[in-house]
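Working notes, structure below.
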There are 4 protein chains.
Amino acid sequence: MPGAASANPAITTDARKLRSRDALYAAFLKLLERKNLDQISIREIAAAAGVGHATFYRHYPGKEALLNDLAADEIRRLVNLTLPVMKSESTQAACAALCTHVFGNRKLWTTLLTGGAASAVKVELLAISRNIAAGMDNHSLGPAMSELKTILSVNAIRETLAWWLRQRKPLSPERVACILEEIIALHDTLGVE
Amino acid sequence: MPGAASANPAITTDARKLRSRDALYAAFLKLLERKNLDQISIREIAAAAGVGHATFYRHYPGKEALLNDLAADEIRRLVNLTLPVMKSESTQAACAALCTHVFGNRKLWTTLLTGGAASAVKVELLAISRNIAAGMDNHSLGPAMSELKTILSVNAIRETLAWWLRQRKPLSPERVACILEEIIALHDTLGVE
Amino acid sequence: MPGAASANPAITTDARKLRSRDALYAAFLKLLERKNLDQISIREIAAAAGVGHATFYRHYPGKEALLNDLAADEIRRLVNLTLPVMKSESTQAACAALCTHVFGNRKLWTTLLTGGAASAVKVELLAISRNIAAGMDNHSLGPAMSELKTILSVNAIRETLAWWLRQRKPLSPERVACILEEIIALHDTLGVE
Amino acid sequence: MPGAASANPAITTDARKLRSRDALYAAFLKLLERKNLDQISIREIAAAAGVGHATFYRHYPGKEALLNDLAADEIRRLVNLTLPVMKSESTQAACAALCTHVFGNRKLWTTLLTGGAASAVKVELLAISRNIAAGMDNHSLGPAMSELKTILSVNAIRETLAWWLRQRKPLSPERVACILEEIIALHDTLGVE
DNA sequence: CTCTAATCGAGACGGTACGTCGCGTCTTACG
DNA sequence: CGTAAGACGCGACGTACCGTCTCGATTAGAG
């Protein structure tokens, strides 16, 4: 921070820096609603954020980094909302919580799942899920098969949500929660004789 | 074409044109093995094909067009090999045929499913599958749900194949055929009480 | 010519060849009225002549060659009309003849002197004039000074004609003939003490 | 320019911009010594200036613009050197000054008058001369004739200088000054009975 | 409240790739 | 054989962004 040394060089409290960062984050999200990732230029993001384009580089090495930050943030928020419910209550309740949250932040998640960010979200989501799955591993299958199961489950959920958000007249969150539950149950039987 | 009259203006018999086209096709495939789509420049493709870069544009409007051609070609080849088997024999036999073909053209399909072409293949595959599914529609579900089923099935198959080809020591085609069959069976139960 | 040997390989009587050549000549002239030399593409000339663009190259190595042919032809025609008059009658009569001819072929000469061909005509005209001047050399000056005199005379005449043809309401040929005569007389006194 | 406020947006004080501009100017001049204008590519100029080719376009819309700048600059320098002398002293002194300057910057002027820049210089020189002539108009002739006189005078001077610089063993500046004086005197009598 | 250095805007720059255009050559098929 | 049609390798065009860099001007926060 200005004027002197700081306890932690990584965490800035400088208001200017935070303002720029948030402006970039918001501007990027707005642009992603309309365009694909590689139709958005860095200068465009910076301009939309009311920020010099060089400032962008002071915060992120490139637009992919910003996108990954953004995706990871939102996914983690979703997971933190859903996972505890699943553990303490039931898969059914967790699906309901998930769908409710997604529906509540529908615009954001439409962008994340069906817009230009989709493939980054896919990767990020899988990475996070892998970590979670590593914790509660079922040892009945080999590691490779176990990974396949994770991949299929996560992708099925993701595709279902994306399909949901693409609908002109979307189903109710409760309806989708049921579908999700069914899908999850289905995948649970995979590989079990 | 050179000279004057021709029966069909769309089908060229000019040897030069065919040669260029094939060279571009092959060079592109080769580059896709190593790089992502947007790390490949059009001039690079043309150079690798031993062709002037302007010639590329005389054949395709851009690299996406070439990629789509390529993906559609290979997918259609695969479908034409698999679908008849499923109709005349069984799903089991079709899975076997599919896996055998993919394994036989393993390098190509690794590129298509796990390389730079992956997302284009995903789209193309879904489009073709939608067409097929439209023919043998099951009317028990609504159109939206029916589409979801197609999406989930196709993606599950695709992800499984991709996972297979990513393995360092891949399973035998027969083994994967069994897995695929199970996955397909699983998805058939979707939406049925 | 087709089918057999020819007495003189340089002079073709093949009707097709002559037709193409003339068509190119005419089309080029037409285009020169509207555009600068390097705004005219060879393909454009060929198309305007109703001829394949490759045919152009069978006749001329490039558009400059065609332009030079054209310029040289017309200049020579003009000289052949003017020079004899000067020798047999007077400079005055020659100027009159020149201006009359130019005025009669006004459109052509406007193109040649003020259009895209101007600088080629300048060069060609000087070359031809140098040849003529070499015949009737005045040995009172050195060769260098003598060349300067030719340059200045020819350019003065050319610029005057160009100026004339650029006028919205051009003077009569007789009026210009007088001016030319004065200019020539003036240049004759150059270098004479 | 960088930072914020500036008195005049047209005049840049940014050292980088000036350096690039000058480098382009110099490199272009160097190339013009050897080649015609349209044998010089913009990328070639930029490379010779040690500058990215896009930078060229940040300064000039095209090579013609650079050439015109260059020509106008040098012509104006010459005029500013010659015109005052003519006014305060004599035509003779002015011719001497002109020839001395041209001879001193002989390489540059050879390029400008006999190289690839020649026709641009011709146009530019005429334009500037027209402006000067407009000031000290002689009203004895009509405007058209008066313009012809300007054209002829300027071209005669220009052609004489070009001829001079083309000579293998050029005459002394004094000698050429005399010739020029004679030519100017000659043209002064034009149109006067 | 005052300094001081972190942050910023503006934008020039060397690059790379873009997609278009015209060149001159070469190939093929007609008449 | 001369020609049309046109594919081709080549190379310049002018544009768009890239990521780096240098500037002063501004401003937040430590003392």
Side-chain angles (χ1 to χ4, degrees), chain A residues 1-6 12-20 38 40-44 46 50-59 61-63, chain B residues 1-6 12-21 38 40-44 46-47 50-59 61-63, chain C residues 1-4 12 14-17 19-20 38 40-44 46 50-59 61-63, chain D residues 1-6 12-21 38 40-44 46-47 50-59 61-63:
Chain A
M1 49 216 69
S6 156
T12 266
T13 72
D14 191 320
R16 293 169 296 174
K17 198 149 198 169
L18 293 174
R19 217 181 314 132
S20 296
D38 46 32
I40 302 175
S41 75
I42 288 185
R43 270 139 166 107
E44 202 176 356
V51 146
H53 77 270
T55 296
F56 182 97
Y57 294 103
R58 290 179 190 118
H59 291 279
K63 55 189 172 193
Chain B
M1 65 225 48
S6 163
T12 279
T13 165
D14 192 322
R16 294 170 296 172
K17 194 144 201 170
L18 294 174
R19 212 180 319 131
S20 296
R21 210 174 184 97
D38 47 32
I40 302 175
S41 75
I42 288 185
R43 276 152 163 91
E44 199 176 357
V51 145
H53 79 272
T55 294
F56 182 96
Y57 293 103
R58 291 180 187 119
H59 291 274
K63 55 190 171 193
Chain C
M1 22 224 76
T12 266
D14 190 321
R16 292 170 298 173
K17 200 150 195 168
R19 215 180 317 130
S20 295
D38 48 30
I40 301 175
S41 75
I42 289 186
R43 268 137 167 107
E44 203 177 355
V51 146
H53 76 270
T55 297
F56 183 97
Y57 294 104
R58 287 181 197 113
H59 292 281
K63 55 189 172 193
Chain D
M1 57 220 60
S6 162
T12 279
T13 165
D14 192 323
R16 294 170 296 171
K17 196 146 201 171
L18 293 174
R19 212 181 319 130
S20 297
R21 210 175 183 94
D38 48 30
I40 302 174
S41 77
I42 289 185
R43 275 152 165 91
E44 199 177 357
V51 145
H53 81 272
T55 295
F56 183 96
Y57 294 104
R58 290 180 188 117
H59 290 275
K63 54 191 171 192

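Side chains are part of it too, since the values below use all heavy atoms of this structure and drop only hydrogens, waters and symmetry mates. Chain A is the first sequence line, chain B the second, and so forth, proteins listed ahead of strands; every chain is numbered from 1. This is a predicted model, so every value here is computed, not measured.
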Need one value for G62(B): base, sugar-phosphate or nothing, where a base atom within 4.0 Å counts as base even if backbone is also close, heavy atoms only.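 Contact class for G62(B): none.
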
Reckon R19(A) touches a base, only the sugar-phosphate, or nothing at all at heavy-atom distances under 4.0 Å?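 It contacts sugar-phosphate atoms only.
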
May I have the distance from [X] (atom [atom1]) to [N] (atom [atom2]), rounded to whole angstrom?
| X | N | atom1 | atom2 | result |
| --- | --- | --- | --- | --- |
| D38(B) | dT16(E) | CG | P | 18 Å |
| F56(C) | dG22(E) | CZ | P | 15 Å |
| K17(B) | dA5(F) | NZ | P | 16 Å |
| Y57(B) | dA17(E) | OH | P | 12 Å |
| I42(A) | dC17(F) | CD1 | P | 12 Å |
| R43(D) | dG11(F) | CZ | P | 13 Å |

Please compare A54(C) and E44(C) by the position of their nearest nucleotide in DNA chain E and report the one closer to 5'.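 Its nearest nucleotide lies further toward 5', so the answer is E44(C).
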
When you match H59(D) and S20(A) each to their closest nucleotide on DNA chain E, which lands nearer the 5' end?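 Its nearest nucleotide lies further toward 5', so the answer is S20(A).
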
Point-to-point distance, once rounded to the nearest 0.5 Å, from NE2 of H53(A) to CZ of R43(A):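 Between H53(A) NE2 and R43(A) CZ, I get 3.5 Å after rounding to 0.5 Å.
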
Point-to-point distance, once rounded to the nearest 0.5 Å, from OG1 of T55(C) to CZ of R19(C):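 It is 11.5 Å, given to the nearest 0.5 Å.
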
Kindly indicate whether the side chain of H53(A) and the base of dT20(F) share any N or O donor-acceptor pair separated by less than 3.5 Å?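 When only heavy-atom distances are counted, H53(A) does reach the base of dT20(F) through a donor-acceptor pair under 3.5 Å.
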
Ignoring the backbone of [X], work out which of [options] is nearest its side chain.
| X | options | answer |
| --- | --- | --- |
| R16(B) | dG19(F), dA7(F), dA12(E) | dA7(F) |
| R58(D) | dC23(E), dG15(E), dC13(F) | dG15(E) |
| S41(D) | dC13(F), dG14(E), dG24(E) | dC13(F) |

Heavy-atom closest pair, residues [X] and [Y]:
| X | Y | answer |
| --- | --- | --- |
| I40(B) | K63(B) | O-NZ, 2.6 Å |
| Y57(C) | I42(C) | OH-CD1, 3.5 Å |
| R21(D) | H59(D) | NH1-ND1, 3.3 Å |

Upstream residue (5' side of DNA chain F) when G52(B) and K63(D) are each assigned their closest nucleotide: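 Per heavy-atom nearest nucleotide, the more 5' residue is G52(B).
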
Quick check on dG9(F): is either OP1 or OP2 less than 4.0 Å from any side-chain nitrogen or oxygen of T55(B)?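 Answer is yes, contact under 4.0 Å.
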
